[in-house]
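One structure below.
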Number of protein chains: 2
Amino acid sequence: MQHNPKKINSELNPNVSVDCVIFGFDLEQLTVLLIDRGEISSAFGPRLALPGNLIYDNENLDMAADRVLDELTGLKNIYLEQVGAFGDPDRIHKESDREWLKSIRAEPEARVITVAYYTLVTMSQYKPQASSFAKNADWVPVNEIKELAFDHFEILQAAKEKLKQKIKIQPIGFNLLPEKFTLSQLHRLYESILDKPLDKRNFRRKIQKLDILTSLREKQRGVPHKPSLLYRFNEEKYQELTQTGFDNFGF
Amino acid sequence: MQHNPKKINSELNPNVSVDCVIFGFDLEQLTVLLIDRGEISSAFGPRLALPGNLIYDNENLDMAADRVLDELTGLKNIYLEQVGAFGDPDRIHKESDREWLKSIRAEPEARVITVAYYTLVTMSQYKPQASSFAKNADWVPVNEIKELAFDHFEILQAAKEKLKQKIKIQPIGFNLLPEKFTLSQLHRLYESILDKPLDKRNFRRKIQKLDILTSLREKQRGVPHKPSLLYRFNEEKYQELTQTGFDNFGF
DNA sequence: TTTGGATAGTGTAAATTTGACACAAAGCTA
DNA sequence: TAGCTTTGTGTCAAATTTACACTATCCAAA
């Protein structure tokens, strides 16, 4: 928790926390980085929760979200979007929740509102076992999550919906892919986020017409089938597009 | 401020406030209900601000927004959508801001984060002078607003953008119109929200094809030109539509 | 080396949607 | 009754969307 020593002199605000829905994509499906709260909670409710923490009084909300992400994964400068504020007075129900909150320095009796963010990371840049902060963290496919601690399941639903809407307007999906990727991977990504099948040929036609991909003269290697061409996201062309007011990346 | 006596026994949370962007439509342009903070602030900065207040510890955020709206306008059951949380540690800059916050019982030294909402009301249902709470409140056309107190201008921008995106997905604009309205009024409404001109015939064709309007056998009266037919929003047909997964109300 | 399994990559035709555009009808006022 | 103002309407061309099936390429196993 002392990962960012500059912050430690400031005071934690006991009323406001930040929770992060950290999305990843394992090239098959959308996943979320969850932390396991361990035995302490297992008898009472869901062990899995979104990573989060109270905010410091001298940081703004976006910075707090960056910090939580950094503490857990060591990643910086990650795509980040606010989902919204969640704050039912009774959002902390269980004795186990209170115990656990104490263990991370929160005031379990205070009413806490949380500001939720979602972030998009490239899974290959981060494996949970690589970081000492992430001993209890792991990627879980979104579709397999049926419950979470506190009101985190509700937050996850809201984040999925925000992401879905956002990707119809901006091609932010590239933040979830490695630098080089195939059209099929991009296709799968859009299908998982939009949660519906998309026709292969129509998808390819549409994405190619946008002209925001650079085709690398390079093929996939080691796959037991016809290897795919690799592409890279072309930031410059994307900027050109948006600056002309274009905003129809919808599917 | 004691409009809702049930709440008065609970404690105010000094760290969390709710601000409301109350949109209206004067049949010409989009407007926002602002309060005038009066002389106390005039020497230091903008007098106009969004209505808002601290939240009580026993109410959830949506309820708090409803309450603020009710206190100011007396309106209940209004369309309400969260914009997000705003919370730069230095969002309260000026001495005048501190004075004013004291006057509404806030703790000016505490770091306050605010959760912003936007709401859509029918202007004809509410005239500022009708309510004793609203002596200092008035409708201001959105396009004429150049600055607001605190970070409220930023919040307003965010709210406008949210509304713009939302109306592309759901036909929520009817909440801004009287029960009976003309297609031209609806047309103007979409133009003000989307902030761009829309071709009259194409707009009409599109809105009619959605089949969510009931044509009343009734004409406008007293207008110095050809009177328009009046329409009503058809909630049932809209529900049918959305339940089939339709979500393209975009323009 | 041949064969089978798996995914990549490609084109077309029909239906739908969009965008551009102009004039007659209806009511009010002077 | 003449003039002003806004309503209400149709068409055509272009662009976009949808549905749909087969060959090419690589790896692995026989």
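- Protein atom CD of Gln185(A) is 11 Å distant from nucleotide atom P of dG9(C), rounded to whole Å.
- The nearest whole Å value for the distance from the NZ atom in Lys196(A) to the P atom in dT17(D) is 12 Å.
- Residue Ser184(B) places at least one side-chain N or O closer than 4.0 Å to OP1 or OP2 of dT7(D).
- One interatomic measurement links the two molecules: CG of Leu27(A) to P of dA8(C), which rounds to 12 Å at whole-angstrom precision.
- In this structure, CG of Leu183(B) is placed 16 Å from C1' of dA26(C), rounded to the nearest angstrom.
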Counting only pairs under 3.5 Å, give me each side-chain donor-acceptor contact of residues 204-216 of chain B, with atom names and distances, residues two or more places apart or in other chains.
| from | atom 1 | to | atom 2 | distance (Å) |
| --- | --- | --- | --- | --- |
| Arg205(B) | NH2 | Asn202(B) | OD1 | 2.6 |
| Lys206(B) | NZ | Gly250(B) | O | 2.5 |
| Asp211(B) | OD2 | Lys237(B) | NZ | 3.3 |
| Thr214(B) | OG1 | Asn234(B) | ND2 | 3.3 |

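- A donor and an acceptor atom never sit less than 3.5 Å apart when one is taken from the side chain of Lys226(B) and the other from the base of dT6(D).
- Contacts classified as ring-ring contact (aromatic ring centres under 6.0 Å, His included) and involving residues 205-226 of chain A (residues at least two apart or in different chains) are not found.
- Looking only at side-chain heavy atoms (C-beta outward), Tyr117(A) and Glu81(A) stay at 4.5 Å or farther from each other.
- Rounded to whole Å, atom P of dC27(D) lies 7 Å from atom CZ of Arg221(A).
- Listed by chain and residue number, nothing satisfies the salt bridge (Lys or Arg N to Asp or Glu O under 4.0 Å) test with Glu235(A) (two or more places apart in sequence, or in another chain).
- One can place CG of Leu230(B) at 12 Å from C1' of dT7(D), the figure rounded to the nearest angstrom.
- Within the structure, salt bridge (charged side-chain N to carboxylate O under 4.0 Å, His left out) contacts touching residues 222-234 of chain B (residues at least two apart or in different chains) are Glu179(B)-Arg232(B).
- Between Phe203(A) atom CZ and dT18(D) atom P there is a gap of 14 Å when expressed in whole angstrom units.
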Going by atom type alone, with no hydrogens or angles, which donor-acceptor pairs under 3.5 Å involve a side-chain atom of residues 164-178 of chain B and a protein atom two or more places apart or on another chain?
| from | atom 1 | to | atom 2 | distance (Å) |
| --- | --- | --- | --- | --- |
| Gln165(B) | NE2 | Glu161(B) | OE2 | 2.9 |
| Lys168(B) | NZ | Asp247(A) | OD2 | 3.3 |
| Asn175(B) | ND2 | Ile172(B) | O | 2.9 |

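- The shortest distance between the side-chain N/O atoms of Ser228(A) and the OP1/OP2 oxygens of dT7(C) is not below 4.0 Å.
- Residue Leu229(B) is classed as a sugar-phosphate contact, given heavy-atom separations below 4.0 Å to backbone atoms only.
- Thr182(B) comes within 4.0 angstrom of nothing in the nucleic acid, heavy atoms only.
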How does protein reach along nucleotides 13-23 of chain C, written 5' to 3' as B (base within reach of a heavy atom under 4.0 Å), S (only sugar-phosphate), or - (no contact)?
----SBBBBB-
Please table the atom pairs, donor to acceptor, closer than 3.5 Å between any side-chain atom in residues 23-31 of chain A and protein atoms at least two apart or in another chain.
| from | atom 1 | to | atom 2 | distance (Å) |
| --- | --- | --- | --- | --- |
| Asp26(A) | OD1 | Glu28(A) | N | 2.7 |
| Asp26(A) | OD1 | Gln29(A) | N | 2.7 |
| Thr31(A) | OG1 | Gly24(A) | O | 3.3 |

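- Between Tyr238(B) and Phe233(B), the angle of the ring planes lies from 30° to 60°, which puts this pair in the tilted group.
- Checked against salt bridge (Lys or Arg N to Asp or Glu O under 4.0 Å), Lys180(B) has the following partners two or more places apart in sequence or in another chain: Glu218(B).
- Both Val223(B) and Pro227(A) lie close to DNA chain C; mapped to their nearest nucleotides by heavy-atom distance, the more 5′-ward contact belongs to Pro227(A).
- Straight-line distance from the CD atom of Gln220(A) to the C1' atom of dT25(D): 12 Å, rounded to whole Å.
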Protein-nucleotides 28-30 of chain D N/O pairs closer than 3.5 Å?
none

